[in-house]
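Written out below as structure tokens is the structure these notes cover.
In what follows, every heavy atom counts, from backbone to side chain, and hydrogens, waters and symmetry copies are set aside. Sequence positions, counted from 1, serve as the residue numbers for this chain.
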Amino acid sequence: MRTFFVQIKCELGKSYEVASALADAEIASEIYSTAGNYDLMAKFYVDDTQDIGHFVNEKVQVIPGIKDTFTTVTFRAF
């Protein structure tokens, strides 16, 4: 499994709706509200063979109310 995080910038007033839609879709393992340039951060796991770019494009960015995303791929360092 590969782990990655997606920071999500929502349209004004849509953060709770986006977070609920992510939770309802059951695709994120964890969802956090954040302060700063992005409104939410979600943690995802995908199979080693699954393309992260396609996953984000097809499963995350299609959720209504999302304005922008920033994906961080993580690596096991220790």
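The distance from atom OH of Tyr32 to atom CZ of Phe5, rounded to the nearest 0.5 Å, is 8.0 Å. Between the NZ atom of Lys9 and the OH atom of Tyr38 there is a distance of 5.0 Å, given to the nearest 0.5 Å.
Around the NZ atom of Lys14, the shell of radius 6.0 Å holds no more than 12 heavy atoms that belong to other residues, nucleotides or ligands.
No path of Ile, Leu, Val, Met, Phe, Trp and Tyr side chains, each step under 4.5 Å between heavy atoms, connects Met41 with Ile27, placing them in separate hydrophobic clusters.
Counting only heavy atoms from C-beta outward, the side chains of Phe4 and Phe55 approach each other to under 4.5 Å. Taking the side chain as every heavy atom from C-beta outward, Arg2 and Ile52 approach each other to under 4.5 Å.
Residues Ala23 and Ile31 share a closest heavy-atom pair of N-CD1, 3.6 Å. Across Phe44 and Ser29, no two heavy atoms sit closer than the pair N-OG, 4.4 Å. Closest approach of Leu40 and Ser15 over heavy atoms only: CD1-O, 3.8 Å. Contact detail for Ile63 and Ala21: the closest heavy-atom pair is CG2-CB, 3.6 Å.
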For residues 64-78, dump all side-chain donor-acceptor pairs below 3.5 Å to protein atoms at least two apart in sequence or in another chain.
from	atom 1	to	atom 2	distance (Å)
Thr69	OG1	Gln61	NE2	2.8
Thr74	OG1	Thr3	O	2.7

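Listed by first then second residue, pairs satisfying salt bridge (Lys or Arg N to Asp or Glu O under 4.0 Å) with a partner in residues 41-64 read Glu30-Lys43, not counting sequence neighbours.
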